[in-house]
Number of protein chains: 2
Amino acid sequence: MKISEAAAASGCHLETIRYYERIGLLSKAARRDNGYRDYTHAEVERLRFITRGRDLGFSLEEIQSLLALAEQTDMSCADVDRLAREHLADIQGRIQALQRMAQELARTIEGCAGGARARCAILSDLQAPADRAAPNATPAPKGGRRPAVHRPGIDA
Amino acid sequence: MKISEAAAASGCHLETIRYYERIGLLSKAARRDNGYRDYTHAEVERLRFITRGRDLGFSLEEIQSLLALAEQTDMSCADVDRLAREHLADIQGRIQALQRMAQELARTIEGCAGGARARCAILSDLQAPADRAAPNATPAPKGGRRPAVHRPGIDA
DNA sequence: CCTAAAGTCCGTAGTGGCTCCGGAGTCAAG
DNA sequence: CTTGACTCCGGAGCCACTACGGACTTTAGG
């Protein structure tokens, strides 16, 4: 099948397929006489695996590991399990970080509830966060600033 | 104060400060005779504002809006409030997306609980997700594939 | 058979928010 | 005077794509 068909069958964007090939996540596709890529059912399966992994939030690197583990049929389950559990823990950590963020932001917004007052509570909170329930008033954050999680376009 | 001092005072990485200047989030700093940047207290305040906004998950673009709003002292509170609420909704959406992910992943891991069996449940689930409680079996995802949230290094 | 539209090829650049690098200049302490 | 710490600057790298442009091929309609 042609690339657009493989894209439709796998739910993976056409250009993304080429990207995966470029970075070596997919091996180079066979070519027809005209130079067009030609995909087999097995390759579409692999693509599905990848997109599914992405949907579960695995990085491409993790997916590559999973694919490698999937290919050795013997005794790989424990490794897969470990990887999945680590990844789950990572996701849960991110959820907690976002929840803290949301809580703090909600508190800040609440302070502003009145509306048009002289000094905006949100802005002054951004300038100097009020210390209501502030357990982490660390003056020197030893881990350095965190990446501060912002995804450009998660439609979710 | 010099850039390293401004960095320490604001909790913002030194190179990040230069980066913010480069992209115009900070105006160009004054220079000493030797060419070193020289920061005032007000600029450190602005930096704090930015880092605080990042901690709350605002994008740099949003922060720029907030800063602009903060500078017009009159009647800006409603806009700020709206921005903050939109951002909160966005964060909550991301939390939900991650929670769905975590749930599905947890289910998948559970299926593997036994350990070393012939076919790994996690891997087969990645290949063809079991349809236990699958409300979104859309064959044609109209929104295109979603970005599949993965932050490289959120230490959380 | 001819034309126009759609599909495919390729390499490159752009996204966000930094972070790190190398080479050069500056400054303070010993 | 040397050593080390600090600062300067521009550019590259990170992740996972997405978009673009120009050349080519295929397909459908007339």
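Just so it is clear: chains get the letters A, B, ... in the order the sequence lines come, proteins before strands, and each one is counted from 1.
Using a 4.5 Å heavy-atom cutoff, the side chains of A:Met1 and A:Glu43 are not in contact.
Between the P atom of C:dC10 and the CD1 atom of A:Ile17 lies a distance of 13 Å, rounded to the nearest Å. Taking atom CD on B:Gln64 and atom C1' on C:dG17, their separation rounds to 14 Å, with Å as the unit. Atom-to-atom, CD1 of B:Ile23 to P of C:dG17 comes out at 8 Å; the value is rounded to the nearest Å. Look at CG on A:Leu14: it is 6 Å from P on C:dT8, rounded to the nearest Å. Across the protein-nucleic acid pair, A:Tyr19 atom OH and C:dT12 atom C1' stand 14 Å apart, rounded to whole Å. The CD atom of A:Glu61 sits 7 Å away from the P atom of D:dC15 (whole-angstrom rounding). The CD-P distance, from A:Glu21 to C:dG11, rounds to 10 Å in whole Å.
Close to C:dT19, at under 4.0 Å from its OP1 or OP2, lies a side-chain N or O of B:Thr16. For D:dA16, neither phosphate oxygen OP1 nor OP2 lies less than 4.0 angstrom from any side-chain nitrogen or oxygen of A:Tyr20. One finds a side-chain N or O of B:Ser4 lying less than 4.0 angstrom from the OP1 or OP2 phosphate oxygen of D:dT7. For the pair A:Arg37 and C:dT8, the criterion of a side-chain N or O lying under 4.0 Å from OP1 or OP2 is not met.
Residues meeting the salt bridge (charged side-chain N to carboxylate O under 4.0 Å, His left out) test with B:Arg22, sequence neighbours left out: none.
Contacts of A:Arg31 with the nucleic acid, taken as non-hydrogen atoms under 4.0 Å apart, involve only primed sugar atoms and P, OP1 or OP2. In this structure, B:Ile3 reaches the sugar-phosphate backbone alone: every heavy-atom distance under 4.0 Å involves primed, P, OP1 or OP2 atoms, never a base.
A salt bridge links B:Arg18 and B:Glu15; the closest N-O separation between the charged side-chain nitrogens and carboxylate oxygens is under 4.0 Å.
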Pull out every protein N or O sitting under 3.5 Å from an N or O of nucleotides 20-25 of chain C, one pair per line with the distance.
unit_1: C:dC20; atom_1: N4; unit_2: B:Glu15; atom_2: OE1; d: 3.2
unit_1: C:dG25; atom_1: N2; unit_2: B:Tyr36; atom_2: OH; d: 3.2

So B:Arg100 and B:Glu104, salt bridge (Lys or Arg N to Asp or Glu O under 4.0 Å) or not? Walk me through it.
CA-CA 6 Å; B:Arg100 276 195 297 270; B:Glu104 215 170 340; over 6 Å; no
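For B:Asn34 and B:Leu60, each mapped to the nucleotide of DNA chain C holding its nearest heavy atom, the one lying further toward the 5' end belongs to B:Leu60.
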